[in-house]
*Asks:* 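So that we are looking at the same thing, I have put the structure below in structure tokens.
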Amino acid sequence: MEVSMTLWVLTVVGLCALIAVDFFIGRKPHDVSIKEAGIWTVVWIVLAALFGVGLLIWGGAQAGGEFFAGYITEKSLSVDNLFVFVLIMAKFAVPSQYQQRVLLIGVLIALVLRAIFIAAGAAILASFSWVFYLFGAFLIWTAWKLIQEARADEEEEEFEENKLLKAAERRFGVADRYHGTKLWIEQNGKRVMTPMLVVMLAIGTTDVLFALDSIPAIFGLTQDPYIVFTANAFALMGLRQLYFLIGGLLRKLVHLSYGLSIILGFIGVKLVLHALHESGVHVPEISIPVSLGVICGVLVITTITSLRASRKMAEAASAEGKDESPAKNNIDV
């Protein structure tokens, strides 16, 4: 799809305007209610849908289909980010009224870093078609790794700060407590970071790790940098509200890793087939409608099986608790 510089500028300005409105409405620190999170989640999904319809009308069925496939993929992969966001919030003991501000700035940092990744990825793919093989193999390996981690059923790990974050803390120092929404304060004659800034950087830089599989995944669905960027932008910008909306439901998505592994593996195979086709090998290519159908189907099935499994586990735990109650009462007597 031919995208002029004017359209790029208008798109970035439009996204900045939406972000500004979001920031203005939530500028006052407060606990986000389910109702508020739900409304804004719907708003971002509707905006993404309208943008996709716009691409469908002016860019054609191919562009519209690629956007929706990319957006749904990025949205589903970003849900996995929420598990880590929960760990980060717990690690830094972020007060509930400040969490929305932390997520907003953290997601903005992540969006800027992803834009850099997307630009680099587009330039590499345009110059070296063999990179499709590398991306495809990486996604298949990531899919296998996700399955292994899901089957290991390990206990939840604590968040560990990355080297960049540790270096920043050593260089500037960190205050011993939160100072409202301030990012820097004067302490003992020295300007130091507040925990608020540290946790924002933690969320923004940690997202880079997720971009290592999500960016190749969306390039497996479309090679258009404009579609890749906008799909990522809409998926990330609705992530903050999704955190508050489904935070309590995350633990119920017990099969999410399996679903994501299937999606990543599928896109990895699609990339390899595309690379073979580009090399002159006559192999079937997977169309966007098929990709969209597979991605949506896997997510629906994964959600249904996860909720059923969670309900069975809850019922089993409840039954076990009832069985133990009489025994405890007998001991007390």
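Just so it is clear, the model here is predicted, and its values are computed rather than measured. Sequence positions, counted from 1, serve as the residue numbers for this chain.
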*Asks:* Could you label the plane-to-plane angle of the F234 and Y71 rings as parallel, tilted or perpendicular, counting under 30° as parallel and over 60° as perpendicular?
*Replies:* perpendicular
*Asks:* What are the two closest non-hydrogen atoms of I263 and L299, and how far apart are they?
*Replies:* CD1-CD2, 3.8 Å
*Asks:* Do F229 and R114 have side-chain heavy atoms sitting under 4.5 Å apart?
*Replies:*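 SC-SC contact between F229 and R114 ruled out.
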*Asks:* Closest heavy-atom contact between L239 and F85?
*Replies:* CD2-CE1, 3.5 Å
*Asks:* Looking only at heavy atoms, which two atoms of I185 and A175 are closest? And how far apart?
*Replies:*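 So the two residues come closest at CD1-CB, 3.7 Å.
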*Asks:* If you apply the rule side chain to side chain contact (heavy atoms under 4.5 Å, CB included), what do you find for T194 with V198, and how did you get there?
*Replies:* CA-CA 7 Å; T194 65; V198 176; over 6 Å; no
*Asks:* Measure across H274 and E285 and return the closest heavy-atom pair with its distance rounded to 0.1 Å.
*Replies:* ND1-OE1, 2.8 Å
*Asks:* Can H255 and T302 be counted as having a side-chain donor-acceptor contact under 3.5 angstrom?
*Replies:* no
*Asks:* Any idea which heavy atoms bring M196 and T181 closest together, and the distance?
*Replies:* CE-CA, 4.0 Å
*Asks:* Which heavy atom of I215 sits nearest to which heavy atom of E74, and what is that distance?
*Replies:*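 Reported closest heavy-atom pair: N-OE2, 4.5 Å.
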*Asks:* Which residues pass the ring pair (Phe, Tyr, Trp, His ring centres under 6.0 Å) test with W144, sequence neighbours left out?
*Replies:*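 Counting only residues at least two positions away or on another chain, W144 forms no ring pair (Phe, Tyr, Trp, His ring centres under 6.0 Å).
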*Asks:* Within the structure provided, determine whether F92 and P195 are in side-chain contact (heavy-atom separation under 4.5 Å).
*Replies:*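 Not in contact.
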*Asks:* Using the rule given for side chain to side chain contact (heavy atoms under 4.5 Å, CB included), can you reason through I286 versus V294, listing the C-alpha separation, both sets of side-chain angles and the distance that settles it, and then say yes or no?
*Replies:* CA-CA 11 Å; I286 302 173; V294 170; over 6 Å; no
*Asks:* Answer yes if the side chains of S306 and Y258 hold a donor-acceptor pair under 3.5 Å, and no otherwise.
*Replies:* no
*Asks:* Looking at T73, I267, I227, N232, which one forms a side chain to side chain contact (heavy atoms under 4.5 Å, CB included) with I218?
*Replies:* N232
